[in-house]
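Order of the sequence lines fixes the chain letters, A, B, ..., with proteins taken first and strands second; residue numbering starts at 1 for each chain. Atom set for the values below is all heavy atoms of this structure, side chains included, hydrogens, waters and symmetry mates excluded. Note that the structure is a prediction, hence the values are computed from the model and not measured.
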2 protein chains.
Amino acid sequence: MVRGTRNGPYFCGIDAAMDVISGKWKVLILWELHHHGVRRFAELRRGLPGVSEKMLTQHVRELEEDGLVRREVYPEVPPRVEYSLTDDGTSLNASLASLGLWGTERIRRTGAAKVTP
Amino acid sequence: MVRGTRNGPYFCGIDAAMDVISGKWKVLILWELHHHGVRRFAELRRGLPGVSEKMLTQHVRELEEDGLVRREVYPEVPPRVEYSLTDDGTSLNASLASLGLWGTERIRRTGAAKVTP
DNA sequence: CCTGATACTTACCGAAAAGTGAGTACCCCA
DNA sequence: TGGGGTACTCACTTTTCGGTAAGTATCAGG
């Protein structure tokens with residue numbers, strides 16, 4: 001059985017939410033946009049140490065397809081593209097907040113290290 | 001760069017939480033245990049249509065390693081193994097609740113189908 | 001006595017996800 | 001005139017994930 005499920009069918013709400021945020025960098029992209037409001041491609045890249053350009057474009061495009069991220073292209077030279085959260089993205093992020101708190105607590109308890117920026 | 005990160009380093013709390021729940025069936029296992037309290041291996045299996053025995057053991061063991069699931073083996077024949085949530089698992093599940101609501105709302109909005117049980 | 005249930009393990013395979021490195025077209029600054 | 005920044009795409013390789021099928025030991029029921 002294959003359920004490489006972008007857009008259902010789902011077992012439940014969590015399943016659907018996980019579908020949309022699964023990808024190594026997606027929640028981090030959401031987080032970054034939440035904290036900065038608007039970010040350009042290269043800013044996002046610098047904010048996520050280790051991400052490749054390929055993965056960043058790919059993930060950001062999927063988030064756009066899923067209606068969580070807004071992508072605005074300015075026809076300038078050199079090119080300028082700005083990313084920000086849509087209302088859906090914002091509410092997703094809010095729903096991720098408690099998960100974030102749980103994770104922070106866990107890092108504290110287990111003494112796991114943080115990535116050095 | 002490789003960050004196939006089970007147990008850090010993490011960028012932030014969400015990163016840490018995602019680490020622990022990434023795996024095709026993990027949140028579903030948590031969900032199932034949350035709703036039934038205690039489940040045996042075969043019950044869990046029947047509750048997750050499509051999961052293979054291999055993946056179920058693997059995921060359940062990782063959840064145990066991560067301290068989210070309790071595994072009790074009764075030295076009987078035929079074997080009996082009971083799974084339940086630990087306190088950590090319970091609080092994780094609580095933190096997943098708002099994400100679940102968001103997902104349910106999304107299913108409603110997008111008209112995505114549910115898996116037929 | 002054969003089947004099915006119990007809870008797994010092991011080996012193998014294909015698919016999907018992620019990483020690498022190059023190329024693109026134009027501009028600004030030294 | 002050469003280097004760096006802008007936002008990518010494309011081809012290719014590697015790594016990881018998940019699925020399939022078989023095997024294991026024991027017992028209960030028909």
Between [N] atom [atom2] and [X] atom [atom1], what is the distance in whole Å?
| X | N | atom1 | atom2 | result |
| --- | --- | --- | --- | --- |
| B:Lys26 | D:dC17 | NZ | C1' | 12 Å |
| A:His59 | C:dG19 | NE2 | P | 8 Å |
| B:Leu56 | D:dC17 | CG | C1' | 16 Å |
| B:Arg45 | C:dT6 | CZ | P | 10 Å |
| A:Met55 | D:dT9 | CE | P | 13 Å |
| A:Lys54 | D:dC12 | NZ | C1' | 9 Å |

Handout entry: Phosphate OP1/OP2 of D:dT6 contacted by A:Arg40 side-chain N/O (<4.0 Å)
Key =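 Negative; the distance criterion is not met.
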Handout entry: Presence of donor-acceptor pair under 3.5 Å, side chain of B:Lys24 and base of D:dG18
Key =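 Under the 3.5 Å cut-off, the side chain and the base do not form any donor-acceptor pair.
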Handout entry: First of A:Gln58 and A:Val77 reached from the 5' end of DNA chain C, by closest nucleotide
Key =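 Final value for this comparison: A:Gln58.
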Exercise for the section: Between B:Arg80 and A:Ser22, name the one whose nearest nucleotide on DNA chain C is closer to the 5' end. Expected result: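 Nearest-nucleotide comparison on DNA chain C picks B:Arg80.
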Exercise for the section: Output the distance between atom CD1 (A:Ile14) and atom CH2 (B:Trp31), rounded to the nearest 0.5 Å. Expected result: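 Output value for this atom pair is 4.0 Å.
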Handout entry: Residues touching DNA chain D, which here means a heavy atom under 4.0 Å, drawn from residues 62-75 of chain A
Key =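 Residues of residues 62-75 of chain A that come under 4.0 Å of DNA chain D are, in numerical order, A:Arg71.
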Problem - Pairwise side-chain contact, B:Val60 with B:Trp25, heavy-atom cut-off 4.5 Å (strictly under) - result: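 No, side chains not in contact.
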Problem - Student check: side-chain heavy atoms of A:Arg106 and B:Leu92 closer than 4.5 Å - result: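 Counting from C-beta outward, A:Arg106 and B:Leu92 never come under 4.5 Å.
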Problem - Cationic N near anionic O, under 4.0 Å, B:Glu43 to B:Arg46 - result: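 Answer for the salt bridge query: no.
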Practice task
Looking at every strand, decide which applies to A:Arg46 at a 4.0 Å heavy-atom threshold: base, sugar-phosphate, or nothing.
Solution key: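 The answer is sugar-phosphate, as A:Arg46 gets under 4.0 Å only of primed atoms, P, OP1 or OP2.
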Problem - Name of the residue among A:Leu96, A:Asn93, A:Ile29 meeting side-chain contact (heavy atoms from CB on, under 4.5 Å) with A:His34 - result: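 The option that passes is A:Asn93.
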Problem - side-chain hydrogen bond (donor to acceptor under 3.5 Å, both in side chains) involving B:Arg40 - partner list, sequence neighbours excluded - result: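 Once residues adjacent in sequence are excluded, B:Arg40 has no partner under the side-chain hydrogen bond (donor to acceptor under 3.5 Å, both in side chains) criterion.
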